[in-house]
2 protein chains.
Amino acid sequence: MCEVDALGDTVDSVRRRNLSTVLELVHRGGDPSRADLTARTGLNRSTIGALVAELVELGLVVETDPSATNRVGRPSRRVLADPRPAVIAVNPEIDAVTVGVVGLGADVTHRIRHELDHVASPEEAARIVGDLVDRLRAGPAADRRILGVGLAVPGLVRAADGVVRWAPHLGWRDSPFARLVENIVGLPTVADNDATLGALAERLFGVGRGVDHLVYLNGGASGIGGGVVIDGRPYRGAWGYAGEFGHNRPRLDDPAHRATVGGTLEEEVSRARLLELLGRRTLDEPEFQAAVLASDDPALHAELARQQIVLGGALGNAINVLGPELVVLGGFLATLHAWDAEALDAAVAARTLPIAWEGTRIQAAGLARDRLLIGAAELAFGPVLRDPASVAGR
Amino acid sequence: MCEVDALGDTVDSVRRRNLSTVLELVHRGGDPSRADLTARTGLNRSTIGALVAELVELGLVVETDPSATNRVGRPSRRVLADPRPAVIAVNPEIDAVTVGVVGLGADVTHRIRHELDHVASPEEAARIVGDLVDRLRAGPAADRRILGVGLAVPGLVRAADGVVRWAPHLGWRDSPFARLVENIVGLPTVADNDATLGALAERLFGVGRGVDHLVYLNGGASGIGGGVVIDGRPYRGAWGYAGEFGHNRPRLDDPAHRATVGGTLEEEVSRARLLELLGRRTLDEPEFQAAVLASDDPALHAELARQQIVLGGALGNAINVLGPELVVLGGFLATLHAWDAEALDAAVAARTLPIAWEGTRIQAAGLARDRLLIGAAELAFGPVLRDPASVAGR
DNA sequence: GTTATTTGTTGCGCTTGACCCCATTTCTGC
DNA sequence: GCAGAAATGGGGTCAAGCGCAACAAATAAC
């Protein structure tokens with residue numbers, strides 16, 4: 001009789017969960033005082049005291065003297081994330097491998113971008129990650145307590161074991177990338193889809209702070225990635241492949257809006273098409289947005305309008321089904337939003353069930369380039385946040 | 001400082017959760033023995049003993065002498081749902097109001113279908129429900145302990161307060177239907193979308209038993225309703241309107257597949273269109289399916305094939321985004337599946353990201369007409385299942 | 001300086017579940 | 001047919017968690 005799942009709840013789990021709750025509150029930010037923690041958790045002052053003491057003991061939080069506040073009563077000590085514990089966040093891309101050191105509270109302290117002149121294989125990427133991590137551990141991050149590695153992979157990642165099933169732009173197929181990195185770096189390593197982690201990062205530290213249900217779409221150079229946050233947690237579906245909005249085929253009301261045969265969202269709504277009209281080969285995100293907003297080329301405007309309408313149909317489908325509170329657009333989709341937010345809103349409204357659309361907002365992503373590193377770090381911190389006591393002795 | 005949410009966990013909550021876990025295991029079926037409960041929960045035998053004793057005390061479960069089992073060892077007593085506690089399940093439709101008495105374990109013991117010759121207003125429907133409940137309580141359900149009322153409404157229901165925002169076929173708009181019924185019947189009343197509850201029922205007692213992530217689409221006389229189950233729980237989105245697949249607009253690869261201007265799924269894939277080709281005005285579900293499967297009319301076959309392809313596109317979009325393990329089709333969509341399951345699978349496969357489609361199954365719904373009553377009952381039992389001790393004295 | 005207010009600390013009590021030991025029942029082997 | 005093994009249930013004891021209350025500490029207002 002194997003106990004697949006201990007459904008039952010023991011007294012130990014109370015402690016573990018409360019420890020986790022307090023650490024998460026500190027990690028999520030706001031520099032809470034002990035009094036804040038008491039209010040937020042509903043626990044007793046004495047309990048909070050004991051929990052914070054244990055987290056200090058574990059080297060995960062530190063207490064500081066209270067900051068000056070003009071309020072009556074004994075000031076409450078502030079509880080801050082300990083700056084030492086950290087994780088390695090990794091984002092392999094077609095043109096570079098980026099590795100960062102991230103502390104609690106989404107604090108990206110170091111970042112190395114290793115440029116590539118060719119697309120790396122999983123094995124090569126893992127070796128590069130190993131070298132970069134060695135360099136970080138030898139120098140800038142020598143005094144950090146590295147607890148794990150999180151990988152943000154632009155592709156479909158199997159949730160069960162972190163195997164990259166398919167990363168079209170990298171050309172990877174069924175590669176146990178997480179295990180490759182783990183063997184080289186020697187730290188517990190987890191992987192997930194980059195857009196899912198971007199959604200999580202926006203939820204925790206970006207425009208989606210406090211939003212329980214959000215949909216995130218990121219427009220990259222080579223396609224559109226999507227992530228879904230449900231009940232405040234990243235949603236991965238049964239196997240880990242959820243959120244592939246880019247491969248959906250939205251209806252095109254007008255045949256003139258059809259630009260491709262395949263008709264997937266990422267074919268119809270594409271950065272490459274806009275770059276071509278701008279007459280440019282490549283541009284980074286801020287430059288791209290500046291160029292689009294500065295242009296008064298009618299052909300570009302027509303294409304922007306067309307892409308807004310197609311995107312509106314895709315978002316309408318997503319909103320009808322998922323009923324999110326917020327839709328976050330990143331990458332060049334944020335530019336599509338910045339160009340004419342009202343028009344985009346109208347395009348969505350016209351293709352969404354009115355009541356489902358009623359309370360939904362569309363916003364540009366709030367975090368800059370660090371988004372994926374923050375998401376990957378969150379993934380790596382996951383086990384620690386869920387069970388802080390597990391870091392004892394590490 | 002208002003404590004919106006007591007994030008903290010106390011010893012009391014352990015008891016409540018364990019009580020809930022045990023009651024759910026009994027409710028979900030399988031007639032577990034105490035030994036089964038111990039194994040499933042991972043809790044101690046003595047703890048299970050205490051929890052079961054408390055549930056017996058609360059009148060929610062009964063213990064029976066062990067059934068003859070040919071196994072070594074002292075036989076374990078079986079724990080069964082107490083037959084007395086029950087809820088009222090209600091499904092108002094355009095042509096009838098159905099009310100049922102449902103016990104724990106999805107046991108539909110009585111059902112009254114009140115036919116209508118016109119579409120009832122919310123007020124009239126509430127009065128009819130009141131009359132039917134009075135009749136049930138006076139006679140067949142006199143010895144039952146009625147704990148609440150659950151309403152399965154064919155429309156958009158706001159999760160926060162059960163207000164029916166829009167029920168297109170009933171013509172209801174912003175009606176506090178749950179409160180109307182509560183005031184008449186005098187029992188705690190909750191409402192939700194019918195398809196969401198259908199999905200929940202299939203998850204708990206139908207073909208989706210044990211499946212954590214499923215999508216449910218029901219083809220009714222007047223449209224297509226959808227429900228989503230995520231992590232084993234019904235997913236409602238931020239406000240309660242999630243799952244409106246019927247109003248999505250899937251891409252039609254071939255203009256010839258386009259049958260309407262609006263292009264929503266429920267316009268393109270419609271029972272009425274098939275009925276017309278069958279030359280019939282109305283048919284109930286089993287008759288409809290028999291007629292479709294018996295027909296060799298090429299025009300009907302062409303339309304069935306067209307609808308399969310359009311449905312395939314919609315399901316492909318849903319699978320890309322939600323990554324469910326199972327898609328459950330009910331109503332005439334089950335007939336579309338029964339007519340040629342392989343063709344439907346192929347239509348979906350052609351429009352879904354291959355890896356996302358890999359492990360997904362499509363099946364016809366398993367529960368018969370009682371599906372909505374079971375789902376509504378589950379909704380009404382919700383508070384009891386979450387906190388069994390709350391029924392003390394009721 | 002005194003008082004009111006808020007926070008932190010300590011010790012106590014309550015509840016819970018784990019563990020140990022023994023009772024009870026059935027099945028197996030002789 | 002009977003003894004012993006296997007499996008489960010029940011009761012008592014023990015450790016651990018949290019809430020509570022009383023007291024100490026720190027600040028603002030008067």
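Labels below follow one simple rule: chain letters A, B, ... track the order of the sequence lines, proteins then strands, and each chain is numbered from 1.
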Please identify each residue that fulfils side chain to side chain contact (heavy atoms under 4.5 Å, CB included) with [X], with sequence neighbours left out.
X       : result
A159(B) : R236(B)
R371(A) : A201(A), E202(A), Y216(A), N218(A), A365(A), L367(A)
L204(B) : R28(B), L200(B), E378(B)

Measure across A141(B) and V101(B) and return the closest heavy-atom pair with its distance rounded to 0.1 Å.
CB-CG2, 4.0 Å
Taking all non-hydrogen atoms of both residues into account, name the closest pair between L43(A) and T38(A) and its distance.
O-CG2, 3.0 Å
Any residue of residues 15-22 of chain A with a heavy atom less than 4.0 Å from an atom of DNA chain D
R15(A), N18(A)
Calculate the interatomic distance between [X] atom [atom1] and [N] atom [atom2]; express it in whole Å.
X      : N       : atom1 : atom2 : value
D12(B) : dC14(C) : CG    : C1'   : 10 Å
I48(A) : dT10(C) : CD1   : C1'   : 17 Å
D9(A)  : dA16(D) : CG    : P     : 18 Å
D65(A) : dA26(D) : CG    : C1'   : 12 Å
N44(A) : dG8(C)  : CG    : P     : 12 Å
L51(B) : dG10(D) : CG    : P     : 13 Å

Any N or O donor-acceptor pair linking the side chain of S46(A) to the base of dC20(D) at under 3.5 Å?
yes
Name every donor-acceptor pair, under 3.5 Å, that has one atom in a side chain of residues 48-58 of chain B and the other anywhere in the protein, sequence neighbours excluded.
from   : atom 1 : to     : atom 2 : distance (Å)
E54(B) : OE1    : R15(B) : NE     : 3.0
E54(B) : OE1    : R15(B) : NH2    : 2.6

Hey, does V102(B) have a side-chain heavy atom less than 4.5 Å from the side chain of H110(B)?
no
Using a heavy-atom cut-off of under 4.0 Å over every strand shown, decide if L43(A) touches base, sugar-phosphate, or nothing.
sugar-phosphate
Taking the six-membered ring where the residue is Trp, are the ring centres of H213(B) and Y235(A) under 6.0 Å apart?
yes
Walking DNA chain D from its 5' end, the first of T10(B) and G49(B) to be reached, judged by nearest nucleotide, is G49(B)
Distances under 3.5 Å between nitrogen or oxygen atoms of protein and nucleotides 3-7 of chain C:
from   : atom 1 : to     : atom 2 : distance (Å)
dT6(C) : O2     : R74(A) : N      : 2.9
dT7(C) : O4'    : R74(A) : O      : 3.2
dT7(C) : O3'    : S76(A) : OG     : 3.3
dT7(C) : O2     : R74(A) : NH1    : 3.1

Salt bridge check, R17(A) against D9(B): does any charged N sit closer than 4.0 Å to a carboxylate O?
yes
